[in-house]
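Beneath this line is the structure, given in structure tokens, with notes to follow.
These numbers come from a predicted model, not from an experiment. Convention: sequence-line order gives letters A, B, ...; per-chain numbering from 1.
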Amino acid sequence: MDVTELLDQLNDAQREAVCAPSCNQLILAGAGSGKTRVLVHRIAWLMQVEHVAPYQIMAVTFTNKAAREMRERLTRLVGENYGANFGRGLWVGTFHGIAHRLLKSHWQEAGLLQNFQILDSEDQLRVIKRVYQELQLDDKKWPHRQAQYFINEQKDEGKRAQHLADSHDLYLATMKRVYVAYEQACERGGLVDFAELLLRSHELWLKKPDLLEHYQRRFNYILVDEFQDTNAVQYAWLRVLAGQSSYVTAVGDDDQSIYGWRGARIENIHHFSHDFSDTTTTRLEQNYRSTGTILAAANAVIANNTGRLGKKLWTSGKDGELIDLYTAFNEQDEARHIVDRIKTWVERGGNLKNTAILYRSNAQSRVLEEALFRENIAYRIYGGLRFYERLEIKNTLAYLRLIQNRNDDSGFERVVNTPTRGIGAKTTEALREIARDQGCSLYQASLHIIANKGLTVRATGALNGFLNLIDELDKEAEELSLGDLVDLVVKKSGLYEFHQNEKGERGQARVENLQELVNACRQYEHEDEELSPLEEFLDAAALDAGERQADEYEDAVQMMTLHSAKGLEFPLVFLAGVEENLFPHRMSADDPEKLEEERRLCYVGITRAMEKLILTHAESRRLYGEEKYNGISRFVREIPKDLVQEVRIKSSIARPTQFSNKNNFAFNENADEDFGELQLGQFVAHNKFGEGVILQFEGRGSSARVQVKFNSGGTKWLVLQYAKLQVLC
DNA sequence: TCATTATAGCGCTGT
DNA sequence: GCTATAATGA
């Protein structure tokens, strides 16, 4: 490719970053400012102009999706010049993926078992539960989750159990005990959790200077995306790897740091220019995504945060439409309104896939989903239960892991009696005891107990059946392709049949998921010659969050949390549930720092929108099984008034102003049924708001509602079905 | 030992 | 409201 062509598509600031002489670089890139483009072009520049070899470059991202996208764009830009070998030397991956790769190559030096397993957070919790039993700790006093959170927090900070000072504080002392025992359990079982991947590979380098030197010499250029999301270990890892001779390009946006709860340190971006010598800083502030109105709103909201590096997005484009704000009666009404707006959008020629509904927490998705489903609008939900975290999938993977490694205790425990085959709590308890005494795995304990006739005839038969099943599958594994093997595992283990017999839609969905897993395995491309396809697949499954690409091309409404929306953009965006206690979340309301993170989340949400942004909130919402009346989010108030227009319902039924004569309801024959004995001017009582007077009627059937002016001052629309108004005389 | 039912506990974000 | 455990009966 021609160099001019490489630079033509860039603005001045972008070009400055792309063509910078070799140095450490900090690129502060606002939302929609072409961050990925700069990264990709920078790599292309290094390769084609500076003649840096691909194997000297490492590009690090946070999600698999981002890594995939970068690789694709890079291939498109320079791939043809390098041919099929293009992907070989260049490392593009997530922090976790790269750390995993290193540990796989140097398991011995890292002090791991060769076939170590990656724990996802559910697996991790299981291990912690086992540890609790061992230590005889009360999970009521010290919840499992708290221990999990504690351990991960320590690891994210680079701290091992041994680094923790002994404390007289009972909580800290207990957590330390759990941490110590947890480390031992992982050590024994060859288990590695997410945080461990990073911590372990960091330690590997400190422990083996010659290994470090090898990689330092190799990777002269390291580029990191979403730098504001790095945690302490990742930052340290990076510094060590870069050493004195490599150049680091850090791209990030302090205003989009939304993973503080996961250990991300916004300070890393502040410290960068101190810690990496001769850093040049570039700001990308021109936005190519959103309208002027949307940007003005985003800028106004984020301006309320303190300690920012400072950045103001601007666009040369049009102001565009105002931001809509819809106040719904309840969450049902909110969903209805969103669906209506989507229908209008489509009628005017819009695509479903160009619209996104964003929300703070996954729990909000259900009502929205139902409303879309009722209207036959295709939708796709991101996140939530991930594919590889589903029960039936994890069970299948457990079988596969056992095939690969009999001593995988977590897999053993998971499926020894799934589907049920007569190996109950009593038998497994016996196995566990032997395993503990002998310091062996549950599989070996099984062999042991059978040899010593330590079980009833029935239990022995059942256990033998299970062991034979695994052996048989293993034997078959040599002959079969990965896809066929998984197919066989699913059928022979009885999982398939088990879920088929499960009643209801749930079983159906699970069967489909199993089929999908088989499909995924059939299509899985084996890359690394040193690993078996099964081995490679299992590792990939553990690291892959399971964002499937195929569906991206499907024309469907995109639904996701604000967190998973980062990095994406859509012409039409709904921000649902902009209410206090929900967004900002009530867990964050008291802590100024957490509140600022919520605000950044809001900033992320607003800047996803390209053309039109619609905010919705509900006056009353069923949350955790309770009716809540949350006020409108403070973030909405932070948007200048002149950028927002309130939309009232585009009523399908004209709103009658006179109710003196009930015959006015020509278009609403069931009005009597719907509104019963309620009349205009009727005094009513509500158990939360107290007494008031009815001002207006609207809707029918389940959406029949009345506007009430309460003596306490406020005026509210109430859905009759939920409000349970008492008629006063 | 299994399957059903009752109860308690817990709520966010996710590599 | 949901899930994960505990208690119950087959």
Side-chain angles (χ1 to χ4, degrees), chain A residues 60-67 93-100 118-122 124-126 129 139-140 143-146 148-149 152 155-156 192-198 226 229-231 233-234 257-264 331 358-367 382-386 388-389 391 417-429 455-456 458-459 462 498 501-503 506 540-547 560-566 577 581-589 594 597-598 600-602 604-605 621-628:
Chain A
V60 193
T61 63
F62 273 81
T63 64
N64 293 298
K65 203 161 133 196
T94 63
F95 272 108
H96 292 90
I98 289 174
H100 173 246
I118 301 170
L119 296 179
D120 68 16
S121 44
E122 195 206 317
Q124 186 183 34
L125 200 61
R126 276 169 181 269
K129 284 179 184 170
D139 66 297
K140 294 216 170 54
H144 295 131
R145 292 213 168 271
Q146 198 170 18
Q148 183 181 28
Y149 186 80
N152 288 336
K155 288 195 179 187
D156 285 342
V192 175
D193 58 49
F194 283 132
E196 183 76 23
L197 285 170
L198 302 167
E226 307 281 18
D229 290 336
T230 50
N231 65 28
V233 174
Q234 288 161 337
S257 164
I258 54 175
Y259 286 108
W261 50 274
R262 212 170 66 191
E331 75 274 17
L358 310 181
Y359 36 81
R360 174 68 231 269
S361 56
N362 281 310
Q364 284 169 257
S365 72
R366 236 195 55 226
V367 177
Y382 287 79
L385 260 138
R386 284 141 192 293
Y388 289 108
E389 275 172 9
L391 180 92
N417 199 32
T418 316
T420 48
R421 49 171 72 86
I423 306 170
K426 228 171 160 184
T427 310
T428 37
E429 194 41 58
L455 290 172
T456 60
R458 221 171 79 167
F498 178 72
N501 294 335
E502 206 178 359
K503 57 185 181 231
R506 192 139 91 192
L543 285 173
D544 196 322
E547 327 112 332
M560 66 195 84
T561 62
L562 286 158
H563 281 90
S564 39
K566 191 162 72 151
N581 296 325
L582 199 64
F583 187 36
H585 197 273
R586 70 185 195 300
M587 307 292 247
S588 307
K594 286 184 182 167
E597 182 152 313
E598 296 278 321
R600 292 193 290 270
L601 196 54
C602 182
V604 167
R621 180 183 296 273
R622 239 184 131 65
L623 213 57
Y624 315 130
E626 235 185 315
E627 204 86 4
K628 301 271 188 194

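Out of C:dG1, B:dG9, B:dT1, the shortest distance to the side chain of A:Lys140 is found at B:dG9. Closest to the side chain of A:His563, from the set B:dT1, B:dG14, B:dC12, is B:dG14. When the nucleotides B:dT1, B:dC12, B:dG14 are ranked by their closest atom to the side chain of A:Thr427, B:dT1 comes out on top. The side chain of A:Arg366 has C:dG1 as its nearest neighbour among C:dG1, B:dT15, B:dT13. Checking B:dT15, B:dT1, B:dT13 against every side-chain atom of A:Arg360, the shortest atom distance belongs to B:dT13.
Nearest heavy-atom pair across A:Leu198 and A:Ala99 is CD2-CB, 4.2 Å. Smallest separation of non-hydrogen atoms from A:Gly260 and A:Glu597: N-OE2, 3.0 Å.
Remark: C1' of B:dG14 and CD1 of A:Ile258 are 10 Å apart, rounded to the nearest angstrom. Note: OH (A:Tyr149) to C1' (B:dT13) measures 11 Å, nearest angstrom. Put simply, CZ on A:Arg145 is 10 Å from C1' on B:dG11, counting in whole angstrom units. Following rounding to the nearest Å, A:Lys566 (NZ) and B:dC12 (C1') show an atom-to-atom distance of 16 Å. Rounded to an integer number of Å, the gap from NZ of A:Lys155 to P of B:dG14 is 22 Å. Between the P atom of B:dT13 and the CG atom of A:Asn152 lies a distance of 16 Å, rounded to the nearest Å. Atoms CE (A:Met587) and C1' (B:dG14) sit 16 Å apart, rounded to a whole Å. Atom CG in A:Asp229 sits roughly 12 Å away from atom C1' in B:dT13 (whole-Å rounding).
Note on A:Ile423: only backbone sugar-phosphate atoms sit closer than 4.0 angstrom, heavy atoms only; bases stay farther off. A:Phe194 comes within 4.0 angstrom of a nucleotide base, judged by non-hydrogen atoms across all strands. Using a 4.0 Å heavy-atom distance criterion, A:Asn417 is classed as a sugar-phosphate-only contact. Residue-level contact check: A:Arg586 touches neither bases nor backbone, having no heavy atom under 4.0 Å from any strand. Counting any heavy atom pair closer than 4.0 Å across all strands shown, A:Tyr259 reaches sugar-phosphate atoms only and no base atom. At a threshold of 4.0 angstrom between heavy atoms, the contacts of A:Asn362 are confined to the sugar-phosphate backbone, with no base atom among them.
Contact check, A:Ser564 against B:dG14: a side-chain N or O comes under 4.0 Å of OP1 or OP2. Residue A:Thr420 places none of its side-chain N or O atoms closer than 4.0 Å to OP1 or OP2 of B:dT1. OP1 or OP2 of B:dC12 has not a single side-chain nitrogen or oxygen of A:Lys594 nearer than 4.0 Å. For the OP1/OP2 pair of B:dG14 and a distance below 4.0 Å, the side-chain nitrogens and oxygens of A:Ser121 include no atom meeting the criterion.
Taking a cutoff of 4.0 Å between a charged side-chain nitrogen and a carboxylate oxygen, A:Lys566 and A:Asp229 qualify as a salt bridge. A salt bridge links A:Glu598 with A:Arg360; the closest basic N to acidic carboxylate O contact falls under 4.0 Å. The existence of a salt bridge linking A:Arg621 and A:Glu331 is excluded, since no basic side-chain nitrogen approaches an acidic carboxylate oxygen closer than 4.0 Å.
Where A:Ser361 and A:Lys426 meet DNA chain B, the nucleotide closest to each residue was compared, and A:Lys426 sits on the side nearer the 5' end. The residue among A:Leu198 and A:Asp139 whose nearest nucleotide of DNA chain B lies closer to the 5′ end is A:Asp139.
If you take CZ on A:Phe583 and CG on A:Leu358, they are separated by 9.5 Å, rounding to the nearest 0.5 Å.
Between C:dA4 and B:dT13, the distance separating the two P atoms is 15 Å to the nearest Å.
In summary, the side chains of A:Gln124 and A:Asn152 do present a donor paired with an acceptor at a separation below 3.5 Å, with no hydrogens or angles considered.
Here A:Trp261 does not pack flat against the base of B:dC12, since the 5.5 angstrom centre distance and 30 degree tilt limits are not both met. Stacking between A:His96 and B:dT15 is absent: the ring centroid is not both under 5.5 Å from the six-membered base ring centre and under 30° in plane angle.
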